2 protein chains.
Amino acid sequence: MTKTRVTVIDIAKAAGVSKSTVSLVLQGSSLVNEGTRSKVNAVMRELGYVYNRGAANLRQAGAKSRIIGVVVNDLTNSFFAELAVGVDMVVQSAGFVQFLSNTGESIDRQREVVASMREHGISGLIVSPARATDAADFKPLVAAGIPVVVVVRNLPGAKVSSIVSDNQAGMMSAVQHLAGLGHRRIAFLGGFPDTAVFDDRLAGYRSGIEAAGLGYRGELVVSSAPSRAGGVEAIAKAIALADRPTAAVCFNDAVAFGVCDGLRARRLEPGADFAVVGFDDVIEAQAAVPALTTVSVDPQGIGRRGAQMLLKQINAGKAEAETVTTAVRLVVRESCGAARA
Amino acid sequence: MTKTRVTVIDIAKAAGVSKSTVSLVLQGSSLVNEGTRSKVNAVMRELGYVYNRGAANLRQAGAKSRIIGVVVNDLTNSFFAELAVGVDMVVQSAGFVQFLSNTGESIDRQREVVASMREHGISGLIVSPARATDAADFKPLVAAGIPVVVVVRNLPGAKVSSIVSDNQAGMMSAVQHLAGLGHRRIAFLGGFPDTAVFDDRLAGYRSGIEAAGLGYRGELVVSSAPSRAGGVEAIAKAIALADRPTAAVCFNDAVAFGVCDGLRARRLEPGADFAVVGFDDVIEAQAAVPALTTVSVDPQGIGRRGAQMLLKQINAGKAEAETVTTAVRLVVRESCGAARA
DNA sequence: TGACATAATTGGAACGTTCCAAATATTAGG
DNA sequence: CCTAATATTTGGAACGTTCCAATTATGTCA
């Protein structure tokens with residue numbers, strides 16, 4: 001209806017004060033008289049005033065936009081959705097708003113999205129980088145004084161803060177648990193070898209194998225897409241091996257679910273005929289049949305923690321890169337066959 | 001490093017042209033000479049120029065912010081995550097960015113979030129409203145010329161566009177399918193009666209019952225929380241009826257899973273001893289045991305469609321409220337017992 | 001070459017806010 | 001009633017962009 005928006009000047013005129021006073025009220029300054037304040041507030045309500053943050057942080061000439069950018073590589077994976085929710089919690093209670101985008105593992109998209117966020121003047125960025133992201137990609141951001149926190153996947157070589165779960169310890173405990181149940185041939189299924197997370201988890205697998213006194217054998221490591229479909233594929237290859245494994249640790253829960261599908265297609269019951277352990281503890285893990293034994297990483301916690309770290313850096317005005325690995329724990333349910341034993 | 005950011009004026013100076021020319025280049029105007037353009041572009045790259053969208057749309061005095069707000073009521077539910085991904089797809093390829101927030105069904109949070117988005121000058125809003133959202137809540141937005149599209153849950157009485165799935169037809173076909181399998185006593189389980197979606201689905205149930213020549217009987221309708229736990233509760237009540245049902249359509253898939261749990265707890269096998277049909281076709285539906293027969297609604301499609309509708313309204317500059325119901329289809333799997341027959 | 005069209009460029013003046021220094025009101029102390 | 005202190009208010013001048021009207025360069029035609 002009204003073509004022209006209501007500005008501080010309109011408020012000022014209507015309330016019989018100056019625009020500066022209105023601005024003071026907006027900022028909750030203690031300089032302004034109580035009576036004036038309430039009158040101004042009343043007028044604002046009456047005229048339906050909407051604060052123009054764009055204009056404000058144009059003047060404020062700084063990174064005071066109160067926008068936090070969040071970039072995840074796969075929002076359809078509930079792990080990352082949970083992560084985003086965790087970030088949102090602390091970001092919102094700190095009076096910031098979240099700018100969330102999904103890259104779907106596309107590195108071009110990621111670049112676009114980050115550029116766009118920068119144009120909008122985000123005051124910080126939390127990112128779970130797409131595969132094969134170049135460590136130098138976030139250089140310009142930090143050079144411009146915009147704090148960046150990398151979560152879930154770390155970016156070796158990049159001078160940014162990061163929070164990753166303890167992939168190595170988690171995978172190691174999974175392997176040792178299976179070994180403790182008597183399995184001697186334990187496969188490692190799924191995941192793309194060109195990621196740091198894969199390397200970490202594989203290293204944990206290897207340590208677990210060796211700690212259990214089993215020999216590490218390369219043919220038991222079958223990589224694939226880190227998805228349900230990838231899991232189906234991986235288990236097919238593993239089952240075809242001459243020296244067939246009796247158990248598997250999977251790159252993540254999605255792969256584990258795929259492995260279960262693949263087992264059933266071969267009339268093998270996960271848990272009973274073949275032990276399966278996942279990684280992540282996504283929300284579906286406990287409701288699945290059989291309930292998935294998996295390494296729990298609390299994505300929401302990582303999100304919250306990452307957001308706290310970021311806010312700290314924003315407030316400090318200084319980006320001291322720090323790296324945190326969060327503890328994980330094995331959650332034993334049914335798919336490993338422990339219930340039977 | 002550099003305390004002061006690079007502006008068009010810096011570029012202008014370095015390139016030996018005026019700021020107006022630089023602005024023209026930024027907008028891709030055809031007025032500017034090819035040579036000048038490339039020189040300006042080169043300088044921009046060299047100095048690491050970052051466009052300041054805030055300043056731009058301050059001047060442009062309009063809703064040209066290229067930000068789309070997306071508000072969902074539960075991001076941890078993969079249904080809504082998928083929806084957001086669908087929105088993001090079309091929004092991004094149209095050169096907009098997405099501002100996503102999660103309300104977690106809190107109506108206060110929803111208000112905050114929407115207010116904040118407005119301050120940031122969103123040019124449109126897509127919202128899956130929290131429960132019990134007041135139809136008048138989005139009035140100020142549309143009054144200010146900001147298009148709003150409501151998805152998934154409709155807001156009767158609000159003059160905004162909306163996209164909802166065809167709840168009525170979906171539920172009706174589910175009932176008819178069960179009737180076709182020979183069931184005469186079909187229950188409707190789960191959901192809160194104070195929502196428009198519930199009313200629609202219940203109406204569909206009723207039509208289905210009547211179309212099949214079965215009498216509608218109120219005691220077969222058992223409401224509960226639309227969750228897994230609610231499903232357990234609802235089936236307990238239904239089983240206790242004197243004239244016990246032999247099949248049930250459920251408010252959504254979560255309820256349906258709970259119903260399966262509840263049946264098993266009574267040594268009844270879903271699919272074989274009691275037919276269960278869900279609604280939504282969440283990602284877990286096909287992997288569950290037994291695979292869930294359900295009404296598929298394609299959240300990503302709704303997201304895409306909603307975004308297209310919104311963009312259309314933004315471009316038209318005029319919000320012609322339209323309501324679309326998207327088709328749904330029954331996906332027959334195992335939990336209805338059809339495989340047996 | 002002059003006249004005129006066309007192509008390319010350019011200085012302000014906005015946009016809605018915050019900041020600053022300065023002005024004005026109010027109060028207290030003598 | 002004057003002075004000094006304190007409490008409140010206030011006009012500009014920014015911020016980085018786009019728009020407009022006006023200017024200057026480049027061609028074209030007779």
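Since the model is a prediction, treat every value here as computed from it, not as a measurement. In what follows, every chain begins at residue 1, and chains take the letters A, B, ... in the order their sequences are listed.
Residues B:T21 and B:T36 have side chains in contact (heavy-atom distance under 4.5 Å, counting atoms from C-beta outward). The side-chain heavy atoms of A:L83 and A:V152, taken from C-beta on, include a pair separated by under 4.5 Å.
A:R305 pairs with exactly one of A:D298, A:L310, A:T326, A:V90 by the side chain to side chain contact (heavy atoms under 4.5 Å, CB included) rule, that one being A:T326.
Put simply, CZ on B:R37 is 10 Å from P on C:dA8, counting in whole angstrom units. When rounded to the nearest whole Å, the span between CG of A:L58 and C1' of C:dC15 equals 9 Å. Between the CD atom of A:E119 and the C1' atom of D:dG16 there is a distance of 13 Å, rounded to whole Å. When the P atom of D:dT17 is taken as reference, atom CG of A:N52 falls 16 Å away, rounded to whole Å. Distance CG (A:N33) to C1' (C:dT24): 14 Å, rounded to an integer number of Å. Taking atom CD of residue B:Q27 and atom P of nucleotide D:dT17, one finds them 11 Å apart after rounding to whole Å. Taking atom CZ of B:R66 as the reference point, atom C1' of D:dT17 lies 16 Å away to the nearest angstrom. Distance B:Q60 CD to C:dG16 P: 13 Å, rounded to the nearest Å.
Nucleotides of DNA chain C nearest to B:A55 and B:E34 differ in position, and the one nearer the 5' end is that of B:E34.
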Decide yes or no on salt bridge (Lys or Arg N to Asp or Glu O under 4.0 Å) for B:K39 and B:E46, but give the supporting numbers first. CA-CA 11 Å; B:K39 180 198 280 178; B:E46 189 184 342; over 6 Å; no

Working for side chain to side chain donor-acceptor pair (under 3.5 Å), residues A:T103 and A:S106: CA-CA 5 Å; A:T103 61; A:S106 157; over 6 Å; no

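You won't find any donor-acceptor pair under 3.5 Å spanning the side chain of A:R59 and the base of C:dT17, going by distance alone.
Within residues 7-23 of chain B, the residues approached by DNA chain D to less than 4.0 Å at the level of any non-hydrogen atom are B:T7, B:V8, B:K19, B:S20, B:S23, in residue-number order.
Contact detail for B:P156 and B:A196: the closest heavy-atom pair is CG-CB, 4.1 Å.
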